Structure formats: C-alpha cells, structure tokens
Amino acid sequence: MGYFTGKTVIITGGGRAVLKDGRCGSIGYGIATAFAKEGANLVLTGRNMQKLSDAKEELERLYGVQVLPVQADVAAGSDNEAVVRSVVKKAVDTFGEIHVLINNAQASASGVTLADHTTEQFDLAMYSGLYATFYYMKACYPYLAKTKGSVINFASGAGLSGNFGQSAYAAAKEGIRGLTRVAATEWGKDGINVNVICPLAWTAQLEGWASAYPDAFAANVKMPPMGHFGDAETEIGRACVALAGPDMKYMSGETLTLEGGLGLRP
C-alpha cells in the first residue's frame with residue numbers, strides 16, 4: 001500500500017501523453033502516474049476527453065487505482081466557476097473527500113511578442129491558468145480544510161526570467177505564484193499546505209518542437225545545470241508526492257524551481 005491509498009487527488013491537465021521512448025510525456029500525466037503508484041484515487045481534468053480516457057485505462061490497469069476523468073475547460077466567455085464547482089462536486093460524490101489539489105493545466109500562445117499579442121491570446125493564458133487556479137482553490141478549500149490537505153500550483157521560469165515571446169504565459173504564471181503565497185498565508189491556520197513549482201520538464205510537446213524547429217529550440221531552451229531536463233514522473237511527479245506528504249508541511253508558501261534532478265531550490 002502506498003502513502004496515498006484511499007486519498008483523493010485532483011490534477012488539472014492530466015490527460016495521457018507519452019514521449020517517443022514511452023515515458024510520461026506531460027507534466028500532468030507524470031504527476032498522475034506518481035500518485036497512482038502511491039495508491040491515490042485520481043480526478044483528472046482536461047479539454048481532450050480521449051486523452052483523459054486513455055489515462056484512466058492505463059492508470060487503472062497498471063496500478064489498480066480508481067480514476068475519474070472529467071472534461072472541463074476554463075475559458076473566456078464561460079461560467080467558469082460553475083464548471084469548476086461541477087468538477088469538485090463529482091470528485092466528492094465519487095470519492096467522498098479531497099486531499100490534494102494540483103493546478104497544472106495551462107494553455108498559451110507562446111512565441112508571440114508582447115506588441116503583437118491579442119486580447120484573445122492574453123485571455124487564453126489567463127483563464128486556462130490563473131483563473132482556473134483561483135476557481136479550483138476556492139472550490140476545494142472547505143474539503144482541504146477538513147482533510148488538512150495540500151495545494152500544489154505550477155508557475156514557470158518564464159515569469160521568473162522574462163522569457164521572450166511569453167508575455168501572457170509569464171503574466172499568468174506570476175499571478176499564480178502570488179496567489180499561492182497569499183493562500184499559504186491565509187490557509188496555514190487551517191493546516192493546508194500550499195506550494196508552487198516552477199518546472200523545466202522534457203515533454204512530448206517540447207520533444208516535438210525540438211524535432212520540428214531545432215534552431216528555435218536551441219536558441220530558446222537551455223540545458224539545466226543538472227545536465228538533463230526534468231522527468232515528468234520520476235522527478236516532478238515525485239516532488240509533488242513529497243510536497244503533499246506530512247513531512248513537508250513546513251515548506252508551505254515556498255516557490256520551488258525544479259530544473260532537472262530532484263534538487264528543490266526555494
């Protein structure tokens with residue numbers, strides 16, 4: 001039995017994606033796999049129902065856990081608070097409690113300069129990332145307070161460093177980082193652990209970009225000091241498992257940069 005056996009973890013953006021070598025090819029699916037190996041019941045959200053169904057089939061077959069896939073999209077022009085409340089209600093109706101919330105989902109129009117960015121492109125990043133994180137945290141709060149649970153949000157080095165062509169993405173991620181710190185301050189009295197991770201992971205999307213646009217990839221993506229990009233499951237996923245565990249409560253409110261290897265740097 002794993003540490004999270006019988007506990008419920010919500011992961012946004014948790015659809016199945018794999019690398020060419022068969023390893024987990026997205027951060028959300030890597031996190032889902034890491035928690036599945038610890039016996040957690042999983043609620044996976046995303047826009048692509050096929051990817052969610054594929055994740056459910058593989059995780060249940062390999063690890064014997066229960067997976068609830070829920071198609072959900074936080075976007076401009078929608079009743080997003082109702083969308084998120086519906087996801088949380090389905091999670092509670094199915095599993096009874098919520099122990100961990102991981103806000104991973106994010107879409108953006110990366111590569112577009114600030115001067116050329118449209119309002120629609122800016123909204124894409126803000127709603128899918130910052131607003132989604134805000135709504136999920138609000139909706140999950142009473143359940144996390146009851147279980148003394150954990151929130152793990154995802155920001156990015158794009159905001160920390162000011163990456164070229166990622167204005168909306170960086171703005172959304174920095175908003176998430178600020179929101180995380182406020183929640184850590186306000187929710188500490190409730191026993192809720194709140195942290196943010198800024199990862200650099202090797203994903204199927206990055207792998208495809210490197211193959212299709214090698215020059216652009218070489219100019220914009222730098223190898224981390226550890227000499228390899230983060231593995232979505234064994235490094236970033238396991239870091240999430242560790243942060244949600246009881247031994248890491250003292251870390252609440254920290255920004256953690258994961259740039260390959262398991263070195264967590266506040």
Side-chain angles (χ1 to χ4, degrees), residues 2-16 24 26-49 51-53 55-56 59-60 63 65-74 80-107 127-155 176 179-180 183 187 190-197 232-233 236-245:
Y3 175 77
F4 286 92
T5 297
K7 297 184 178 182
T8 304
V9 180
I10 296 178
I11 304 170
T12 69
R16 182 180 184 272
C24 291
S26 70
I27 291 174
Y29 191 59
I31 297 168
T33 301
F35 275 100
K37 288 183 176 180
E38 292 292 334
N41 299 318
L42 301 173
V43 180
L44 304 181
T45 77
R47 292 181 293 181
N48 187 317
M49 194 62 200
K51 290 184 178 180
L52 295 173
S53 297
K56 172 182 171 66
L59 295 173
E60 289 186 341
Y63 308 113
V65 298
Q66 296 184 65
V67 179
L68 174 65
V70 184
Q71 187 175 34
D73 185 19
V74 176
N80 294 303
E81 198 156 12
V83 169
V84 171
R85 282 199 302 263
S86 176
V87 172
V88 173
K89 183 178 186 302
K90 289 175 181 176
V92 174
D93 288 348
T94 303
F95 297 121
E97 293 183 314
I98 298 170
H99 299 83
V100 183
L101 167 65
I102 298 179
N103 286 301
N104 162 72
Q106 178 73 65
Y127 278 92
S128 65
L130 180 56
Y131 274 101
T133 299
F134 170 66
Y135 288 133
Y136 274 102
M137 290 176 73
K138 282 188 62 179
C140 288
Y141 167 73
Y143 304 102
L144 294 169
K146 180 181 177 182
T147 61
K148 308 299 181 187
S150 297
V151 178
I152 301 171
N153 295 330
F154 275 78
I176 290 170
L179 185 65
T180 303
W187 294 358
D190 302 304
I192 302 174
N193 193 39
V194 188
N195 287 292
V196 61
I197 294 176
E233 178 207 339
I236 294 165
R238 292 304 305 177
C240 289
V241 168
L243 284 172

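All values reported here derive from a predicted model rather than from experimental measurement. Note that the numbering runs from 1 along the sequence shown for the chain.
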Mind checking side-chain hydrogen bond (donor to acceptor under 3.5 Å, both in side chains) for [X] and listing every partner two or more places apart, or none if nothing turns up?
{"X": "Asn103", "result": "Asn153"}
{"X": "Ser128", "result": "Gln106"}
{"X": "Lys89", "result": "Asp93"}
{"X": "Glu233", "result": "Lys37"}

Can you name the nearest heavy-atom pair linking [X] to [Y], along with the distance?
{"X": "Ala32", "Y": "Leu42", "answer": "O-CD1, 3.5 Å"}
{"X": "Ala36", "Y": "Val65", "answer": "O-CG1, 3.5 Å"}
{"X": "Thr45", "Y": "Thr12", "answer": "OG1-CA, 3.1 Å"}
{"X": "Ala105", "Y": "Gly13", "answer": "CB-N, 3.7 Å"}
{"X": "Cys240", "Y": "Phe154", "answer": "SG-CZ, 3.8 Å"}
{"X": "Tyr29", "Y": "Ala55", "answer": "CE1-CB, 3.6 Å"}

Gap between atom [atom2] of [Y] and atom [atom1] of [X] - 0.5 Å precision:
{"X": "Leu68", "Y": "Lys56", "atom1": "CG", "atom2": "NZ", "result": "7.5 Å"}
{"X": "Ser53", "Y": "Arg16", "atom1": "OG", "atom2": "CZ", "result": "12.0 Å"}
{"X": "Ile27", "Y": "Ile102", "atom1": "CD1", "atom2": "CD1", "result": "11.5 Å"}
{"X": "Asn80", "Y": "Arg85", "atom1": "CG", "atom2": "CZ", "result": "11.0 Å"}
{"X": "Ile197", "Y": "Ile31", "atom1": "CD1", "atom2": "CD1", "result": "7.0 Å"}

Next item on the list: State, yes or no, whether a side-chain contact exists between Thr147 and Ile98 at a heavy-atom distance under 4.5 Å.
Entry: no
Margin query: Contact between Thr94 and Asn41 at the side-chain level, heavy atoms closer than 4.5 Å - yes or no?
Written below: no
Within the side chain of [X], is there an N or O that forms a donor-acceptor pair under 3.5 Å with the backbone of [Y]?
{"X": "His99", "Y": "Thr8", "result": "yes"}
{"X": "Ser150", "Y": "Val100", "result": "no"}
{"X": "Thr133", "Y": "Gly129", "result": "yes"}
{"X": "Glu60", "Y": "Gln66", "result": "no"}

Would you be so kind as to tabulate the donor-acceptor pairs closer than 3.5 Å made by side chains of residues 135-144, with sequence neighbours excluded?
from, atom 1, to, atom 2, distance (Å)
Lys138, NZ, Glu81, OE2, 3.3
Tyr141, OH, Asp190, OD2, 2.8

Note to self: So, using side-chain contact (heavy atoms from CB on, under 4.5 Å) as the criterion, who are the partners of Ala232 when residues are at least two apart?
What the structure shows: Cys24
Note to self: According to side-chain contact (heavy atoms from CB on, under 4.5 Å), who are the partners of Leu52, at least two apart in sequence or on a separate chain?
What the structure shows: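 For Leu52 the side-chain contact (heavy atoms from CB on, under 4.5 Å) partners, ignoring immediate neighbours, are Leu44, Met49, Pro69.
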Next item on the list: List in chain and number order the residues that pass ring-ring contact (aromatic ring centres under 6.0 Å, His included) with Phe35, two or more places apart in sequence or in another chain; answer none if no residue qualifies.
Entry: Phe4
Item checked: Residue list, ring-ring contact (aromatic ring centres under 6.0 Å, His included) with Tyr63, at least two apart or on another chain ->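 Once residues adjacent in sequence are excluded, Tyr63 has no partner under the ring-ring contact (aromatic ring centres under 6.0 Å, His included) criterion.
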Margin query: Applying salt bridge (charged side-chain N to carboxylate O under 4.0 Å, His left out), can you list everything that pairs with Lys7, at least two apart in sequence or on another chain?
Written below: none
Margin query: For Glu97, give me all partners under salt bridge (charged side-chain N to carboxylate O under 4.0 Å, His left out), at least two apart in sequence or on another chain.
Written below: none
Next item on the list: Using the six-membered ring wherever Trp is involved, compare the ring planes of Tyr131 and Phe134 and label them parallel, tilted or perpendicular (cut-offs 30° and 60°).
Entry: perpendicular
